[in-house]
Each structure stands twice: as structure tokens, then as C-alpha cells.
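To start, the structure itself, in C-alpha cells.
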Number of protein chains: 2
Amino acid sequence: MLQHSILETLPEPLRREVLSGLQPLHFEHGRILFRAGDPCQGLPLVLNGSVKVQMTGLSGHSIVLYRMGADDICTLSIGCLMTGDGFRAEAVVEDDAEVFMVPRGLFDRLMDQSADFRLGIMESYGRRLNDLMLLVEEVAFRRMDERLFQWLEARVRQGIITITHQELAVELGTAREVVSRLLKEFERKGMLRLARGKIEFTGSFPR
Amino acid sequence: MLQHSILETLPEPLRREVLSGLQPLHFEHGRILFRAGDPCQGLPLVLNGSVKVQMTGLSGHSIVLYRMGADDICTLSIGCLMTGDGFRAEAVVEDDAEVFMVPRGLFDRLMDQSADFRLGIMESYGRRLNDLMLLVEEVAFRRMDERLFQWLEARVRQGIITITHQELAVELGTAREVVSRLLKEFERKGMLRLARGKIEFTGSFPR
DNA sequence: CAGGCCTGTGTGACTTTATCACTGAACCGT
DNA sequence: ACGGTTCAGTGATAAAGTCACACAGGCCTG
């Protein structure tokens with residue numbers, strides 16, 4: 001079922017009209033929703049799948065800022081939509097995703113006509129702001145080994161994950177070598193097994 | 001003249017009504033607009049002065065996230081206003097400030113009735129999101145000496161600034177010792193002179 | 001105005017993280 | 001099987017964070 005909760009709150013005639021006017025766009029794993037500098041085409045409503053948003057600094061390093069999943073709204077786009085500025089980050093599809101792209105005109109109309117839509121947008125914005133604030137705190141003050149551990153912990157249930165040390169470094173905003181060394185240490189402690197492009201959790205990974 | 005550009009865009013009868021219903025609140029240097037955990041009372045529109053927003057991590061360390069000045073909107077409050085969650089950060093007045101506090105009901109009404117108001121809110125949100133993204137990048141990848149230098153550079157014109165190393169550490173999200181050492185090095189290079197609670201720029205501070 | 005107190009600053013020793021440079025292993029296509 | 005490419009491991013060194021403590025400046029109080 002292709003739907004997005006923020007559209008379900010619309011009053012009936014409007015909802016039907018909007019839904020009939022939008023067709024879902026499919027994006028496969030690895031596709032880029034937008035790149036840094038791109039102008040904003042519309043507000044993406046993520047129906048399913050998973051999209052990560054990351055930025056690359058002047059230094060040339062990248063860091064993942066947050067992810068969007070089912071029922072998420074790409075709030076970052078709104079600012080660009082309003083000011084006409086280009087994106088400062090890029091969005092990469094991780095798990096194949098379907099997206100409604102709401103054009104500027106329709107967005108304005110929905111903001112005008114539905115209090116629930118406005119509420120949904122504001123809530124989404126608030127969450128994103130909070131996420132970023134927490135990320136700042138994490139990057140500024142938390143130790144790398146803890147952060148890496150937590151990242152892995154959230155994925156233990158998958159048993160094996162497919163990711164390179166370089167990608168993991170981008171997740172945490174650090175250098176590949178740092179990730180390699182820390183992972184090696186985890187391996188020495190028996191928490192996981194390393195292979196090229198893969199990390200396998202052992203039963204003894206602490207939970 | 002006490003006004004805020006986002007209110008000036010309102011259609012005339014509404015603008016007059018809103019303005020007559022709001023009286024500016026005065027906050028002196030050092031006053032706390034809100035603390036972490038506080039519920040949100042309304043949307044603060046900053047008329048003048050300067051307010052810094054900072055958060056304290058689990059680690060007990062703090063970092064300044066951004067500042068608000070004349071004509072700014074405390075977008076952070078909107079999320080809290082919508083979800084009813086408490087603030088995750090605190091706002092401290094630096095230069096005496098005057099603020100319109102827009103209560104929830106009025107905010108909803110303005111969002112409903114003015115497209116320009118909506119635009120202003122969305123733009124403000126977009127800017128804040130961009131600021132935070134840049135901060136993440138800065139904290140994750142930039143060298144401390146450069147960041148400290150830039151922070152000082154932005155204040156060279158004041159000649160002397162009154163700030164402790166501890167406060168400066170919070171500005172940058174680092175440890176006091178790191179700031180002390182870097183400042184000492186700047187002093188050795190002749191860029192500035194240090195005194196208890198003060199930093200004096202010399203003519204040779206590079207610009 | 002001497003002494004005590006609090007806050008702010010300086011610094012050594014050590015750990016963690018980042019950077020640089022390079023090696024070798026694993027995989028891919030032909 | 002070979003050669004190229006991507007990935008991972010590691011030593012050396014620099015930058016930044018942590019811990020512990022000494023001491024200096026300003027302020028209050030007797």
C-alpha cells in the first residue's frame with residue numbers, strides 16, 4: 001500500500017486529489033536522490049525503503065547526518081525549496097525506496113489548507129533539529145570506540161553486515177584507519193569476525 | 001522601534017491586532033530564556049540583543065549550537081511547542097534582549113492565515129538546519145587551532161574581549177586546557193595578550 | 001592589610017584520535 | 001594466471017582530550 005501518514009490526515013476530497021496527482025518514484029539501492037549543490041525539485045515524502053543523508057566538508061571528509069525511512073519527510077528539502085538555495089548535503093538510497101515528490105506549488109497549497117499537514121511538517125522539522133543537536137554532541141564529546149560499538153550494536157540482529165571500513169568511517173565522521181584499528185580490537189576481544197567488506201557478529205557480542 | 005520582520009509581513013488588520021496583543025519581554029545579560037527539560041511556553045521572536053543556544057551532553061560537556069540576534073526566530077521552540085517535549089538545549093542571554101513570546105494558539109492562527117508568516121518560519125528553519133549541519137562538519141573535521149582562530153578573528157574589531165578560557169571551550173565544544181594551550185601559543189606568536197578573563201588583540205593579529 | 005577562599009590559568013604526563021605513508025590481501029575481469 | 005583495483009592492516013607522528021595538580025589574581029573578612 002503506497003501511502004504516507006501526512007497525506008492520510010488531509011480532508012477527503014483534497015486527499016484523493018493529491019494522491020491521484022502524485023505517482024511514486026522508485027529509487028534503487030545506490031541511487032542519489034540529490035547531490036550537494038543541486039536545486040530542490042520538491043519535497044520528498046519517503047514511503048518505504050531507507051535513504052541516508054550525508055555531507056562532505058571542505059576538508060573532503062564526509063559524515064552521515066541522519067537517515068530517512070518509511071513515513072519520513074525530507075525536511076531538509078523545505079529550506080532549499082523556500083530559499084531556492086542548493087542542497088548542502090546529498091541523499092543516497094540504501095534500501096530501495098519509493099518516494100512521493102511534492103512540488104513547490106502543491107506544498108504551498110497543502111500548508112495553506114491543512115492544519116494537520118502543517119503540524120506534520122513542523123513535527124518532522126523538530127525531530128530533525130533534535131537529531132542534529134544530538135549528533136553535534138556525539139561528535140564533539142563521545143569516544144570513538146563507544147560510538148562504533150553503539151552503531152554495531154544497533155545491527156547485531158542482522159548477524160552479518162556488509163559494509164567497508166571506509167563506509168563505516170563516513171557513518172561516524174572519522175578516518176578509515178581509526179575504524180580499522182577499533183574493529184581489529186573488537187575482533188581480538190572475540191566480539192566479531194572481520195572479512196573483506198563484511199562484519200560478522202559472534203554470539204559473544206555484548207548486548 | 002519594537003518590531004519583527006515576520007510580523008511586518010502580516011496583512012494589516014491582523015498585524016495590528018497581533019502587535020497590540022503582544023508586549024515585549026526584557027531579558028538581561030545572563031538570564032536564561034529556557035533550560036534543558038523546560039516545556040515550551042511559546043515561540044520567541046527575538047527583537048534585539050543576542051541569545052546563545054547551547055546544550056550539555058551526557059558527558060557533562062557543553063557546546064554552543066548557535067546564536068540568535070535581531071529579527072531571529074527561535075525555531076527550536078517550534079518542535080517543542082508541537083510535540084510538547086521539553087527543550088534539549090538551553091538559551092542564555094548575552095546582550096540584553098527583547099523578545100515577543102508568541103503563544104501556541106496565536107502561532108497556529110498565524111500559520112493558518114498568513115502565507116508570508118509560513119514562509120518566514122520555513123526559511124528560518126532551513127537556515128537553522130544548515131547552520132547545524134555546518135557545525136557538525138566543523139566539529140567533526142576541522143582543527144581546533146583554526147576554529148579558535150576564526151572565532152577570535154570574528155571579534156578582533158572589539159580590541160579586547162571579556163571571556164574565560166572555560167567559556168571559550170564551550171563555544172568550541174572542547175576542553176578548557178586545549179583552549180588555554182592554543183591561546184598561549186597565539187600569545188607567544190604575538191597575536192594577542194592574555195589576562196585573567198580577558199583577551200586583548202595586538203595590532204599584529206592577522207586578518 | 002593579612003589571610004583565606006574562590007575562580008581562572010598554566011603545565012606535565014598520558015591516552016585517544018587523526019594523519020601520512022606504505023604494505024599486502026582479496027576480488028574482478030580478461 | 002595475470003594485472004588492476006579496492007580493501008584492510010599497521011607503524012610513525014601530530015593533534016586533541018583527560019587527569020592531576022600548582023599557582024596567580026581578585027575578593028571578602030577579620
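Chain A is the first sequence line, chain B the second, and so forth, proteins listed ahead of strands; every chain is numbered from 1.
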In this structure, how many angstroms lie between the P atom of C/dG8 and the NZ atom of B/K184, rounded? 17 Å
Which whole-number value in Å describes the distance from B/E167 CD to C/dT9 C1'? 14 Å
Heavy-atom side-chain proximity of A/E200 to A/L192 below 4.5 angstrom: no
Here the distance between atom C1' of D/dT6 and atom NZ of A/K198, to the nearest Å, is 14 Å
Aromatic B/Y66 / basic B/R128 pairing, under 6.0 angstrom, 45° off normal: yes
Name the pairs: protein N/O against N/O of nucleotides 22-24 of chain C, kept only if under 3.5 Å.
none

For the rings on A/F205 and A/F149, is their centre-to-centre separation under 6.0 Å? yes
Between CD of A/Q166 and C1' of C/dA18 the distance, given in whole Å, is 14 Å
Less than 4.0 angstrom from a charged side-chain N to a carboxylate O is my criterion; do A/E171 and A/R67 meet it? yes
Which letters describe nucleotides 14-19 of chain D, given B = protein heavy atom under 4.0 Å from base, S = only from sugar-phosphate, - = neither? -SSBBB
Indicate yes or no for a side-chain donor-acceptor contact from A/R31 to the backbone of A/V93 under 3.5 Å, with no hydrogens or angles considered. no
Going by distance alone, is a donor N or O of one side chain under 3.5 Å from an acceptor N or O of the other, for A/S180 and A/R176? yes
Distance, nearest 0.5 Å, that separates CG of A/L76 from OH of A/Y125: 7.5 Å
Rounded to whole angstrom units, what separation is found between the CZ atom of B/F186 and the C1' atom of C/dT9? 17 Å
note: B/L194, atom CG; D/dA24, atom C1'; distance rounded to Å ~ 14 Å
Between CG on residue A/L129 and CZ on residue B/R88, distance to nearest 0.5 Å: 11.0 Å
What is the distance from NE2 of A/H165 to P of C/dA25, rounded to the nearest Å? 16 Å
Whole angstrom is fine here: how far is it from CG in A/L148 over to P in C/dT16? 15 Å
Give me the ring orientation class for B/H61 and A/F141: parallel if the planes are under 30° apart, tilted from 30 to 60°, perpendicular past 60°. parallel
